[in-house]
Asker: 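First the structure, which I've put down as structure tokens, then a few questions once you've had a look.
The shown structure was predicted, so the numbers you read here are calculated from the model rather than taken from an experiment. Below, chain A is the first sequence line, B the second, and so on; all start at residue 1.
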Amino acid sequence: MNLEGYLEKYFGYTNFRPGQKETIMQIMDGKHTLSMLPTGTGKSLCYQLPVYIMNKPAVVVSPLLSLMQDQAEQIRVRGEKRVVSFNSFLSFEEKRYALNHLHTYRFIFVSPEMLNSKQLLEGLKKLDIGLFVVDEAHCISQWGYDFRPDYLNLGPVRKELGYPLTLALTATATPAVRSDIIRELGEDGFTEILSSVDRSNIALRVEKCSSYEEKQERLLTLVKDLQGPGIVYFSSKKTAETAASLLQRNGTGRTAFYHGGLEQEQRILIQQQFIKGELDLICATSAFGMGINKENVRYVIHFQMPMQMESYVQEIGRAGRDGKDSAAILLYLEGDEGLQLNFIENELPSGNQIRGIMSYLRSKNPSSSEELSQIMLHEDLAGFFSLNEIQLRITQHLLQSVNDMDDFNTVQADMIGFVEKRKEAKIQKLRSLLNWVHTDTCRRTLITRYFQQDILQKPEQCCDNCGMNIGAYYQTDMPDNVDESRLVFDWKEELIDMLIPGRNE
DNA sequence: CGGGTCGCACCTAAGTGCGACCCGGTGCTTTAGT
């Protein structure tokens, strides 16, 4: 049977979407594959179909619990019951049961952190794994070196499992990030399947504002005028919340905010309401997005710029999944990059902090790396050297690789070298994005060039520098002379509010 | 970098205006012992 035959047999579809078949062919050919497919093209089919053809289980590493639950649920809805998600949602009993029945599953979802569990790893070793999948594989490069170091453990895990056939999936990765992913996964010889990062139905626009007030005003106007639903991205939780209530007071109606500080339940609720069309606007931090499969998002506004082009492309890519015209608008105020610079400066320990910690540890005169770990464990290093949680973790992580107790100076120099290099790399990425903000040439061309690709086709509505017409994205049912009071008092909304109490809570 | 909050000065009272200061994003994990 050919691949189309399997596709129809197991999923009922007659055609593959771009990139799916090429990816699956490589997998069936036994080749480790890194596949860069645009968001919303059904990346999960790329591992699901091979599971059935090979009749062997897949281990899927997923960055978010919600994403894991979501994909597991989608598979179950299809009628496949042999699915398990290894994460903290499982009780001890459930975990034990799942471990004892590991061989019965076809889809085993895990978080990178969970792979630290000896029992899980031992269990997985006994399986004949058909495919080891790393979903949203750019996380390895983006988070592995600081925020979530367990992402760097995937290489050793693969080795431990005997280098199972591997599929890394992502939507946005530069050639440098892709080689980073492949290197960290611990093996050369990955085949790459690449689609374009260009989304021709998303028009690109940057508007420069001369004051914070002007930017706020502009946001209000845009949100009123633009055809929704939409997402507005902010760089701080507080700003997202404040803006959401400001917009609501100005008659935006069905608006909510979303960030990592919300309770898990609340986050799921807001996501669901947005997807079902019960909310028109989300004011969010970068926490919002991964795994949001909403077809008809019409615009994405950035009230503050993200840290790098990859994030920007991911975030605007949540618009126009249905292929219809959508707009991406970035509001820029001189100095906006300062906040991102600040994040970069603070996420890694500084040279001084490292020097302080090292001289303190040196004074304790540990004779082995075990003794060193003991000191790390029992002393309040974070308190003494005012490290935040992530800085502490990176420090511990870097010190773990210390084998030779004799040469603290070398280790110290290595550590400082590492953080300096990381910071410089991040600042460089921020600079690229800033150049893009300030460019007066075609923005689409510049994005594709950043990913070392070519533009697919220049759409009519390309970008502000090519003369896009923002009016084309305004609501069509809006009269030209709008009575302001009518915008504030929307009787339909008020009526719905009366009929559905507590809707806006 | 910029916004929010706090305390203070004003000078005779309730609210304003100013400077100092602080803080900001992304997520996984939590099984021991009475």
Asker: Quick one: A:I140 CD1 to B:dC28 C1', roughly how many Å, whole number?
Answerer: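 A:I140 atom CD1 is separated from B:dC28 atom C1' by 16 Å.
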Asker: Between A:E389 and A:G335, which residue's closest nucleotide on DNA chain B lies nearer the 5′ terminus?
Answerer: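 Result: A:G335.
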Asker: Going by atom types alone, do A:R431 and A:Q428 pair a side-chain donor with an acceptor below 3.5 Å?
Answerer: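 Judged by distance alone, the side chains do pair up.
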Asker: Do the ring centers of A:F274 and A:F288 come within less than 6.0 Å of each other?
Answerer: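 So the answer is yes for these two rings.
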Asker: Report yes or no: do A:S91 and A:E94 form a side-chain donor-acceptor pair below 3.5 Å?
Answerer: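 Yes, A:E94 and A:S91 have a side-chain donor paired with an acceptor closer than 3.5 Å.
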Asker: Does B:dG2 pair with anything, Watson-Crick or G-U wobble, both distances under 3.5 Å, and if so, with which nucleotide?
Answerer: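 The base-pairing partner of B:dG2, which may sit in any strand shown, is B:dC23.
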Asker: Please confirm whether A:Y332 and A:H438 have ring centers closer than 6.0 angstrom.
Answerer: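 Yes, the ring centres sit under 6.0 Å apart.
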Asker: Provide the Watson-Crick or G-U wobble partner of B:dG33, both distances under 3.5 Å; none if there is no partner.
Answerer: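 Looking at the geometry, B:dG33 pairs with no nucleotide.
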Asker: What pairs of nitrogen or oxygen atoms, one from the protein and one from nucleotides 19-24 of chain B, lie under 3.5 Å apart?
Answerer:
| unit_1 | atom_1 | unit_2 | atom_2 | d |
| --- | --- | --- | --- | --- |
| B:dG24 | O6 | A:N342 | ND2 | 3.1 |

Asker: Looking at the angle O4'-C1'-N9-C4 for a purine or O4'-C1'-N1-C2 for a pyrimidine, is B:dT30 syn or anti, with syn meaning within 90° of 0?
Answerer: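 Glycosidic conformation of B:dT30: syn.
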Asker: Considering Watson-Crick and G-U wobble pairs with both distances under 3.5 Å, what does B:dT16 pair with?
Answerer: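 Because both required distances fall under 3.5 Å, B:dT16 counts as paired with B:dA9.
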Asker: Roughly, in whole Å, what's the span from CD in A:Q69 to P in B:dG27?
Answerer: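 Rounded to the whole Å, the gap is 15 Å.
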Asker: So, OP1 or OP2 of B:dT29: does either fall under 4.0 Å of a side-chain N or O from A:S88?
Answerer: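 Checking A:S88 against B:dT29: at least one side-chain N or O falls below 4.0 Å of OP1 or OP2.
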Asker: Roughly, in whole Å, what's the span from CD in A:E136 to P in B:dT26?
Answerer: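 Taking atom P of B:dT26 as the reference, CD of A:E136 is at 17 Å.
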Asker: Starting at atom CZ of A:R393, determine the distance to atom C1' of B:dC28, rounded to an integer number of angstrom.
Answerer: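 One finds 8 Å between C1' of B:dC28 and CZ of A:R393, rounded.
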Asker: Report the residues that fulfil ring pair (Phe, Tyr, Trp, His ring centres under 6.0 Å) with A:H138, sequence neighbours left out, ordered by chain and then residue number.
Answerer: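 Scan of A:H138 (ring pair (Phe, Tyr, Trp, His ring centres under 6.0 Å), adjacent residues dropped) gives none.
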Asker: Give the residues of residues 111-121 of chain A touching DNA chain B, defined as any heavy atom closer than 4.0 Å, sorted by residue number.
Answerer: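 Of all residues in residues 111-121 of chain A, the ones placing a heavy atom under 4.0 Å from DNA chain B are A:S111, A:E113, A:M114.
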